[in-house]
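Reading through the structure tokens given below for one structure.
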Amino acid sequence: MNTNKLSARLATVADHVPTGARLADIGSDHAYLPCYLAKNKGIPYAIAGEVAEGPCQLAERNVLAEGLSDVISVRLGDGLEVIQNGEVDCITIAGMGGALIASILENGKEKLSSVKRLVLQPNISAISIRNWFINNNWELVAEEILEEDGKIYEVLIGEKGDPYKPYKNNKTMGLLVGPYLVQKQGQTFKKKWRTEMKNWQRIYEALEGAAQSPENIEKKQEILEKIKLAEEALSYEDS
């Protein structure tokens, strides 16, 4: 992967960044995504934010090597603190856990007033982001799911709007598996949730053999509910 050819995961994120957007890429690592977008999608301005000194220096070197220092500002800082109010209209956050992405948005939500689109790629717990959208009046407008190098990733796109609009049939199931993804029912979606169900079943069986404390009983009930929702998702028919 480099600034000319992104991984399939980051290429999917890039596909959902509007042409001409003023971008902030949080957790930018090598700044591959903003460099690629500046070269191929005409974004006029980008911030590459990094919380760690090492990746921040790598990003600076890449931006300089590409001759993009006038377009991309590399900044060291935690989450959205690298952004000034009104500075960007699109934010990308990729390659973190969903709970961490949600906490970054929550901790910096005063910076989102001018932001029109969020493009988020959680490695796990996409439900954390869907819940954050609902609690903060962001509408989930599109989702993608893909497999790369044996790992399955989801990409969630949010815009300001009606947060309940995507969940017209089964909100609880939609939050877990994705209201758009369940309608597509692609092979990657089916593989993900069949694998999750097997993992949950193993955990449930281990809990069955353990002491039946209130915590274990509650955990077993949660697992059974997740299995039920996944089964519903895999047999879903849009009415």
> Looking only at side chains, do Asn85 and Lys111 share a donor and an acceptor under 3.5 Å apart?
Replying inline: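 There is no such pair (donor and acceptor under 3.5 Å, judged by atom type) between the side chains of Asn85 and Lys111.
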Do the side chains of [Y] and [X] get nearer than 4.5 Å, heavy atoms only?
{"X": "Leu76", "Y": "Val51", "answer": "no"}
{"X": "Leu120", "Y": "Val155", "answer": "no"}
{"X": "Tyr167", "Y": "Ile134", "answer": "yes"}
{"X": "Asn170", "Y": "Tyr236", "answer": "no"}
{"X": "Leu175", "Y": "Asn131", "answer": "yes"}
{"X": "Val182", "Y": "Phe189", "answer": "yes"}
{"X": "Ile47", "Y": "Leu23", "answer": "no"}
{"X": "Asp29", "Y": "Glu50", "answer": "yes"}

Just to verify, what does [X] make a side-chain hydrogen bond (donor to acceptor under 3.5 Å, both in side chains) with, not counting sequence neighbours?
{"X": "Trp132", "answer": "Glu106"}
{"X": "Asn107", "answer": "none"}
{"X": "Glu218", "answer": "none"}
{"X": "Asn199", "answer": "Arg202"}

Heavy-atom closest pair, residues [X] and [Y]:
{"X": "Pro163", "Y": "Phe133", "result": "CB-O, 3.8 Å"}
{"X": "Val88", "Y": "Val115", "result": "O-CG2, 3.8 Å"}
{"X": "Pro44", "Y": "Ala21", "result": "CD-O, 3.3 Å"}
{"X": "Gln212", "Y": "Leu207", "result": "NE2-O, 3.0 Å"}
{"X": "Ser128", "Y": "Ala102", "result": "O-CB, 3.9 Å"}
{"X": "Trp200", "Y": "Ala230", "result": "CZ3-CB, 4.0 Å"}

Between [X] and [Y], is there a shared hydrophobic cluster once you connect ILVMFWY residues whose side-chain heavy atoms come closer than 4.5 Å?
{"X": "Tyr45", "Y": "Leu64", "result": "no"}
{"X": "Ile217", "Y": "Leu224", "result": "no"}
{"X": "Tyr164", "Y": "Trp138", "result": "yes"}
{"X": "Leu6", "Y": "Leu58", "result": "no"}

>> So, using side-chain contact (heavy atoms from CB on, under 4.5 Å) as the criterion, who are the partners of Glu215 when residues are at least two apart?
In response: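 Partners of Glu215 under the side-chain contact (heavy atoms from CB on, under 4.5 Å) test: Ser213.
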Show me, pair by pair, the donor-acceptor contacts under 3.5 angstrom made by side chains of residues 89-101, not counting sequence neighbours?
{"unit_1": "Asp89", "atom_1": "OD1", "unit_2": "Arg22", "atom_2": "N", "d": "2.9"}
{"unit_1": "Asp89", "atom_1": "OD2", "unit_2": "Arg22", "atom_2": "NE", "d": "3.2"}
{"unit_1": "Thr92", "atom_1": "OG1", "unit_2": "Asp25", "atom_2": "OD1", "d": "2.8"}

> Going through the distances and angles, do Trp193 and Leu176 end up as a side chain to side chain contact (heavy atoms under 4.5 Å, CB included)?
Replying inline: CA-CA 10 Å; Trp193 292 107; Leu176 179 65; 3.9 Å; yes
Is there a donor-acceptor pair closer than 3.5 Å between any side-chain N or O of [X] and the backbone N or O of [Y]?
{"X": "Asn62", "Y": "Ala31", "result": "no"}
{"X": "Arg75", "Y": "Val82", "result": "yes"}
{"X": "Glu143", "Y": "Leu156", "result": "no"}
{"X": "Glu87", "Y": "Gln84", "result": "yes"}

Rounded distance (nearest 0.5 Å) linking atom [atom1] of [X] with atom [atom2] of [Y]:
{"X": "Ile129", "Y": "Leu140", "atom1": "CD1", "atom2": "CG", "answer": "9.5 Å"}
{"X": "Arg9", "Y": "Asn123", "atom1": "CZ", "atom2": "CG", "answer": "6.5 Å"}
{"X": "Asp162", "Y": "Asn137", "atom1": "CG", "atom2": "CG", "answer": "8.5 Å"}
{"X": "Leu112", "Y": "Leu118", "atom1": "CG", "atom2": "CG", "answer": "6.0 Å"}
{"X": "Ile83", "Y": "Glu110", "atom1": "CD1", "atom2": "CD", "answer": "10.0 Å"}
{"X": "Asn216", "Y": "Glu208", "atom1": "CG", "atom2": "CD", "answer": "10.0 Å"}

Count the heavy atoms of every other residue, nucleotide or ligand shown that sit under 6.0 Å from [atom1] of [X], and state whether that count exceeds 12.
{"X": "Asp70", "atom1": "CG", "answer": "no"}
{"X": "Lys184", "atom1": "NZ", "answer": "yes"}
{"X": "Lys219", "atom1": "NZ", "answer": "no"}

Salt bridge (charged side-chain N to carboxylate O under 4.0 Å, His left out) against [X], all qualifying residues, sequence neighbours excluded:
{"X": "Lys228", "result": "none"}
{"X": "Glu139", "result": "none"}
{"X": "Glu81", "result": "none"}
{"X": "Glu154", "result": "Arg130, Lys192"}

>> Pair Gln121, Glu144 - check side chain to side chain contact (heavy atoms under 4.5 Å, CB included), show working.
In response: CA-CA 9 Å; Gln121 181 268 299; Glu144 304 281 354; over 6 Å; no
>> For a salt bridge (charged side-chain N to carboxylate O under 4.0 Å, His left out) check, start with the C-alpha distance between Glu205 and Lys198, then their side-chain angles and the critical distance, and finish with the verdict.
In response: CA-CA 11 Å; Glu205 289 168 1; Lys198 288 178 183 176; over 6 Å; no
> Does anything in residues 116-127 pair up under salt bridge (Lys or Arg N to Asp or Glu O under 4.0 Å), and if so which pairs, sequence neighbours excluded?
Replying inline: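 For residues 116-127: Arg117-Glu159.
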> Run the side chain to side chain contact (heavy atoms under 4.5 Å, CB included) check on Glu148 and Ser7 step by step: do they pass?
Replying inline: CA-CA 8 Å; Glu148 182 175 40; Ser7 65; 3.4 Å; yes
>> Who clusters with Val63? Use side-chain heavy atoms, under 4.5 angstrom, across I, L, V, M, F, W and Y, and order the result by chain and number.
In response: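 The other cluster members (ILVMFWY side chains, heavy atoms under 4.5 Å, direct or chained) are Leu68, Val71, Ile72, Val74.
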